[in-house]
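Since the structure comes first, as structure tokens, the remarks are kept for the end.
Computed from a prediction, not measured in an experiment: that's the story for all the values here.
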Amino acid sequence: MNDSTESRPTPEKQPPPRTDGTRERVVDSALKEFAAHGIAGSRVDRIAKQARTSKERVYAYFSSKEALYAQTAARELDVIMQATALDAADLPGYAGRLFDYYAAHPDHFRLVSWGRLELAPSTRIDEESRSAAILSKLELLRQAQRDGVLDPTMDAVDILALVGQIATTWMSQPELADAAAKEAIDGSIAARRSAVMAAVERLFPRR
């Protein structure tokens with residue numbers, strides 16, 4: 001047999017790359033820490049302890065506490081976008097999904113809120129991920145307006161702001177949520193969700 005025609009041995013299949021479980025534990029722990037204490041009040045040593053690693057290892061992954069917050073917030077924004085999926089033809093439904101997500105994950109709402117409170121827009125190192133999320137939603141709204149699905153008389157920026165504010169009304173005003181639970185005719189969380197969707201429906205009816 002000619003050597004050039006001999007079959008070559010099949011190279012060994014390489015195992016898939018291993019994910020770094022420690023890094024993921026750090027981010028998971030950071031979410032809880034930042035949600036509870038904000039950025040200034042959080043402590044890297046507590047995050048490291050919760051993640052079952054060392055403070056030095058945390059800094060090996062993230063250059064600063066702010067960089068860790070940015071990574072944690074960026075991941076959370078991506079999770080929120082995946083879970084709530086804006087549908088420009090059904091903004092009441094989108095508001096309901098936002099309400100449901102934050103009602104089920106109040107610590108995630110606090111995590112995102114701390115960045116707005118503690119970091120000036122010019123210094124937010126997670127601003128790129130926030131901006132990308134906003135621009136993506138605005139393009140969906142503008143396309144719906146061009147297609148005649150959504151009223152074009154209001155700027156898409158105002159639409160996004162109003163829907164988001166209405167959807168998170170009860171999360172951003174916990175004192176009113178507490179009052180509603182006791183004083184509303186129907187104190188259930190389902191009633192608050194219905195009110196949110198009804199308000200958005202009146203502003204931006206489904207088409």
Side-chain angles (χ1 to χ4, degrees), residues 14-86 94-95 97-138 157 160-161 163-178 181 189 192 196:
Q14 295 298 317
R18 297 174 62 186
T19 56
D20 192 333
T22 302
R23 191 179 192 279
E24 287 303 306
R25 289 200 307 274
V26 168
V27 175
D28 289 341
S29 299
L31 189 155
K32 298 173 185 176
E33 179 74 9
F34 287 129
H37 303 287
I39 302 170
S42 292
R43 296 291 177 264
V44 175
D45 53 350
R46 287 199 297 255
I47 294 172
K49 183 178 180 180
Q50 182 66 28
R52 305 191 306 278
T53 189
S54 66
K55 188 175 180 178
E56 291 73 22
R57 187 75 179 274
V58 173
Y59 281 120
Y61 291 120
F62 305 98
S63 59
S64 65
K65 183 168 63 171
E66 290 74 19
L68 175 54
Y69 174 82
Q71 176 63 35
T72 306
R75 188 187 73 169
E76 179 56 23
L77 285 171
D78 185 60
V79 170
I80 293 170
M81 285 191 69
Q82 297 281 343
T84 58
L86 187 148
Y94 171 62
R97 287 190 293 278
L98 277 177
F99 180 94
D100 290 341
Y101 184 84
Y102 284 128
H105 306 91
D107 53 335
H108 296 202
F109 181 78
R110 290 194 297 271
L111 170 78
V112 176
S113 298
W114 279 116
R116 298 190 182 111
L117 290 171
E118 294 194 48
L119 300 176
S122 59
T123 60
R124 285 181 188 152
I125 53 181
D126 64 326
E127 190 65 20
E128 184 176 348
S129 58
R130 289 177 185 266
S131 297
I134 291 170
L135 291 175
S136 174
K137 292 176 182 179
L138 289 177
V157 174
L160 186 60
V163 173
Q165 192 64 42
I166 293 170
T168 58
T169 292
W170 303 106
M171 295 78 179
S172 60
Q173 302 181 84
E175 67 283 0
L176 286 181
D178 291 341
I189 191 170
R192 306 287 77 72
V196 162

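Counting only heavy atoms from C-beta outward, the side chains of L86 and V163 never approach each other to under 4.5 Å. Annotation: side chain of E66 is not in contact with side chain of E118 (no heavy-atom distance under 4.5 Å). Residues V27 and F62 have side chains in contact (heavy-atom distance under 4.5 Å, counting atoms from C-beta outward).
Summarising the local packing, CD of Q173 is surrounded by more than 12 heavy atoms from other residues, nucleotides or ligands at distances under 6.0 Å.
Put simply, NE2 on H108 and CZ on R75 are 8.0 Å apart, with the number rounded to the nearest 0.5 Å. Atom CG of L31 and atom CZ of R110 lie 10.0 Å apart (nearest 0.5 Å). Considering CE of M81 and OH of Y101, their distance stands at 13.0 Å, rounded to 0.5 Å. Atom NE2 in H105 sits 10.5 Å away from atom CG in D100 (nearest 0.5 Å). Separating the CD1 atom in I134 from the CG atom in L138 is a distance of 7.0 Å, to the nearest 0.5 Å. In this structure, the separation between CD1 on I47 and CG on L68 is 5.0 Å, given to the nearest 0.5 Å.
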Residue pair I189, W170: steps toward the side-chain contact (heavy atoms from CB on, under 4.5 Å) verdict: CA-CA 10 Å; I189 191 170; W170 303 106; over 6 Å; no
Steps toward side-chain contact (heavy atoms from CB on, under 4.5 Å) verdict (E24, V26): CA-CA 5 Å; E24 287 303 306; V26 168; over 6 Å; no
Full working for side-chain contact (heavy atoms from CB on, under 4.5 Å) between M171 and S113: CA-CA 10 Å; M171 295 78 179; S113 298; over 6 Å; no
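The two residues G41 and R46 have their closest heavy-atom pair at O-NH2, 3.1 Å. Nearest heavy atoms, F99 versus R192: CZ-CB, 3.9 Å. Listed here is the closest heavy atom pair of A67 and S63: CB-OG, 3.7 Å. Across all non-hydrogen atoms, the minimal contact from S42 to F34 is OG-CD2, 3.2 Å. The minimum heavy-atom distance between A85 and R97, with the atom names listed, is O-NH2, 2.8 Å. Contact record, I39 with K65: O-NZ, 3.0 Å, taken as the closest heavy-atom pair.
In this structure, H37 contributes its side chain and E33 its backbone to no donor-acceptor pair below 3.5 Å. A donor-acceptor pair under 3.5 Å is formed between the side chain of T169 and the backbone N or O of I166. Although no hydrogens or angles enter the test, the distance criterion places a donor-acceptor pair under 3.5 Å between the side chain of S29 and the main chain of R25. No donor-acceptor pair closer than 3.5 Å links the side chain of Y69 to the backbone N or O of A30.
Between the side chains of Y61 and R57, at least one donor-acceptor pair of N or O atoms lies under 3.5 Å.
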